[in-house]
Amino acid sequence: MTVDPRTELSEFLRSRRARLSPDDVGLPQYGRTRRVPGLRREELAQLAGVSVAYYTRLEQGNGRNVSAEVLDSIARALRLNDAERAHLRNLTSSKPGKKKTARTQVRPALKHLIDGVGVPAYIGGRRSDIHAWNPMAAALFGDWGELPPKERNWARLIFLRPSYQDLFVNWQSKAEDVVGFLRMDAGCYPDDPELAALIGELSVKSELFRQLWAKHDVKEKSFGTKVLKHPLVGEMTLSYETLKMPSDPDLFLSTYHAEPGTASAEALQLLANWGTDATRAGTSVNTQA
């Protein structure tokens, strides 16, 4: 099982074109009635400064030998954000066998690092896998160590474990994030059979995943704010930061923290003080199927 870059490229460009209207890009509306939303191919080609035939071939999935300048023009015409531009580059540069699956190893020094920080922290990687975490992350999210290695995966947790719908106050937003991350991975690693299998499994088991996957939205891991409703300490507003590992681009460090002096900071400190007891309680609530 693999992800077909040609199909991904075709559907991604179609989805980005469909979200724009002539009014959005300053084009007059005239001619035949539009049967589908969005710009027509000839309109997009005009904005990008390429021939209709050239753009049509690209949208049909033929991304070979496309220059960086042409990609930039098309990205500007489609009003792509940074994550979408990166995804477009990945799709047009993908070749069979280029980036296959790999076993990810977390260096002991990284494990020592997350154990030493005073906030929930974990090491994540490709396919939304979770590779290592500290006790505070276990207290916050549930002890992932109690799960089989295959289940230590954000996509499976969010879409297949109902308890996580209660943990994240805006669960829909978290679900959209996870799908966007998987889309980025699919563009980078089209020959990863484990990624393709994960996408297939979630497509079969979750209607919402199918709907979000069909939108072709992509996201890069960065920073932001999430509101969590923990079963032991209640609602907390936490900021998260994502740091990529320079020595291993497949890995990233994610931390969660609260603004000092707030009720969320007090709740987070309470989790830290409870230690193992909080971890066990969080496990019993958060990791139940």
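Keep in mind that the numbers below use all heavy atoms, side chains included, and drop hydrogens, waters and symmetry copies.
To the nearest 0.5 angstrom, His87 atom NE2 is 14.5 Å from Asp82 atom CG. Summarising the geometry, atom CD belonging to Glu11 is positioned 10.5 Å from atom CG belonging to Leu91; distances are rounded to the nearest 0.5 Å. Here the NE2 atom belonging to His216 is positioned 6.0 Å from the CD atom belonging to Glu8, to the nearest 0.5 angstrom.
A continuous path of Ile, Leu, Val, Met, Phe, Trp and Tyr side chains, each step under 4.5 Å between heavy atoms, connects Val179 with Leu157, placing both in one hydrophobic cluster. When the side chains of ILVMFWY residues are joined at heavy-atom separations under 4.5 Å, either directly or via intervening members, Leu147 and Val106 end up in two distinct hydrophobic clusters. In the hydrophobic clustering of ILVMFWY residues, with side-chain heavy atoms under 4.5 Å counting as a link, Val169 and Phe159 come out apart. Note: the hydrophobic cluster containing Leu80 also contains Leu9 (ILVMFWY, side chain heavy atoms under 4.5 Å, direct or indirect links). Residue Leu228 is grouped with residue Trp144 when hydrophobic side chains (ILVMFWY) are merged at heavy-atom distances under 4.5 angstrom, including chains of intermediate members.
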Applying salt bridge (Lys or Arg N to Asp or Glu O under 4.0 Å), run through Asp166 and Arg161 and close with a yes or a no.
CA-CA 10 Å; Asp166 299 326; Arg161 289 185 173 267; over 6 Å; no

Using the side chain to side chain contact (heavy atoms under 4.5 Å, CB included) rule, take Ile123 and Phe252 through it: C-alpha gap first, then chi angles, then the decisive distance, then the call. CA-CA 6 Å; Ile123 303 293; Phe252 61 88; over 6 Å; no

Residues Tyr256, Leu268; criterion side chain to side chain contact (heavy atoms under 4.5 Å, CB included); working and verdict
CA-CA 10 Å; Tyr256 283 74; Leu268 203 56; 5.9 Å; no

* Candidate pair Leu47 and Leu78, rule side chain to side chain contact (heavy atoms under 4.5 Å, CB included), full reasoning -> CA-CA 9 Å; Leu47 290 170; Leu78 289 171; over 6 Å; no

For Leu271 and His230, run side chain to side chain contact (heavy atoms under 4.5 Å, CB included): C-alpha distance rounded to whole Å, both residues' side-chain angles, the deciding distance at 0.1 Å, then the answer.
CA-CA 10 Å; Leu271 282 180; His230 194 276; 3.7 Å; yes

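Scanning all heavy atoms of the two residues, the minimum distance from Leu208 to Ala175 falls at CD2-CB, 4.3 Å. Contact record, Ala121 with Leu253: CB-CD1, 4.2 Å, taken as the closest heavy-atom pair. Residues Leu198 and Ala155 come closest through the heavy atom pair CD2-CB, 4.4 Å. When every heavy atom of Ala137 is checked against every heavy atom of Trp133, the shortest pair comes out as CB-CB, 4.0 Å. Between Met236 and Ser264, the shortest heavy-atom contact is CA-OG, 3.5 Å. Considering every non-hydrogen atom in both Ser21 and Leu39, the closest pair reads C-CD2, 3.6 Å.
The side-chain contact (heavy atoms from CB on, under 4.5 Å) test applied to Phe181 returns Asp177, Lys219, Lys221, not counting sequence neighbours. Arg57 is linked by a salt bridge (charged side-chain N to carboxylate O under 4.0 Å, His left out) to nothing, counting only residues two or more places apart in sequence or in another chain. For Arg19, the salt bridge (charged side-chain N to carboxylate O under 4.0 Å, His left out) criterion is met by Glu84, not counting sequence neighbours. The side chain to side chain donor-acceptor pair (under 3.5 Å) search around Asp129 returns Arg127, Asn153, not counting sequence neighbours. Residues that satisfy the side-chain contact (heavy atoms from CB on, under 4.5 Å) test with Arg76, not counting sequence neighbours, are Asp72, Ser73, Arg85. Ala214 pairs by the side-chain contact (heavy atoms from CB on, under 4.5 Å) definition with nothing, not counting sequence neighbours. With sequence neighbours excluded, the residues satisfying salt bridge (charged side-chain N to carboxylate O under 4.0 Å, His left out) with Glu201 are Arg156, Lys205. Partners of Arg152 under the salt bridge (charged side-chain N to carboxylate O under 4.0 Å, His left out) rule, at least two apart in sequence or in another chain, do not exist in this structure.
Applying the side chain to side chain donor-acceptor pair (under 3.5 Å) rule to pairs touching residues 109-122 yields Tyr122-Trp154, sequence neighbours excluded. For residues 232-245, no pair satisfies salt bridge (Lys or Arg N to Asp or Glu O under 4.0 Å), with sequence neighbours left out.
For Glu42 and Gln46, the side-chain atoms include no donor-acceptor pair closer than 3.5 Å. Thr237 and Lys226 share no donor-acceptor pair across their side chains, judged by distance under 3.5 Å alone.
With hydrogens and angles ignored, the 3.5 Å screen pairs a side-chain donor or acceptor of Tyr164 with a backbone N or O of Phe141. Side chain of Asn90 to backbone of Met184: no donor-acceptor contact under 3.5 angstrom is found. Panel note: side chain His257, backbone Pro120; no donor-acceptor pair is recorded below 3.5 Å. Side-chain atoms of Ser173 never come within 3.5 Å of backbone atoms of Asn170 as a donor-acceptor pair (strictly under, hydrogens ignored). Under the 3.5 Å distance criterion, the side-chain polar atoms of Trp171 are matched with a main-chain donor or acceptor of Ile158. No donor-acceptor pair closer than 3.5 Å links the side chain of Ser10 to the backbone N or O of Gly61. With Asn62 contributing its side chain and Leu58 its backbone, the two residues share no donor-acceptor pair below 3.5 Å. Between the side chain of Arg210 and the backbone N or O of Ser203, at least one donor-acceptor pair lies under 3.5 Å.
Using a 4.5 Å heavy-atom threshold, the side chains of Leu71 and Leu88 count as touching. Counting only heavy atoms from C-beta outward, the side chains of Ser222 and Thr242 never approach each other to under 4.5 Å. A 4.5 Å side-chain heavy-atom check between Leu13 and Leu44 finds every atom pair outside the cut-off. Residues Phe209 and Ile199 form a side-chain contact, since some pair of their non-hydrogen atoms from C-beta on lies under 4.5 Å apart. When side chains are defined from C-beta on, Tyr240 does not count as touching Thr225, because their heavy atoms never get closer than 4.5 Å. Counting heavy atoms from C-beta on, the side chains of Leu182 and Leu202 come closer than 4.5 Å. Asp191 places none of its side-chain heavy atoms less than 4.5 Å from the side chain of Tyr189. Between Leu140 and Leu238 the shortest side-chain heavy-atom distance falls below 4.5 Å.
In the hydrophobic clustering, Val204 connects to no other residue, as no ILVMFWY side-chain heavy atoms lie under 4.5 Å from its own. In the hydrophobic clustering, Val52 connects to no other residue, as no ILVMFWY side-chain heavy atoms lie under 4.5 Å from its own.
Classification of Asp185 and Arg126 as a salt-bridged pair fails, no side-chain N sitting under 4.0 Å from a carboxylate O. Under 4.0 Å is where a charged nitrogen must lie from a carboxylate oxygen, and between Arg17 and Glu43 no such pair does.
Glu259 CD: 12 or fewer foreign heavy atoms inside a 6.0 Å radius.
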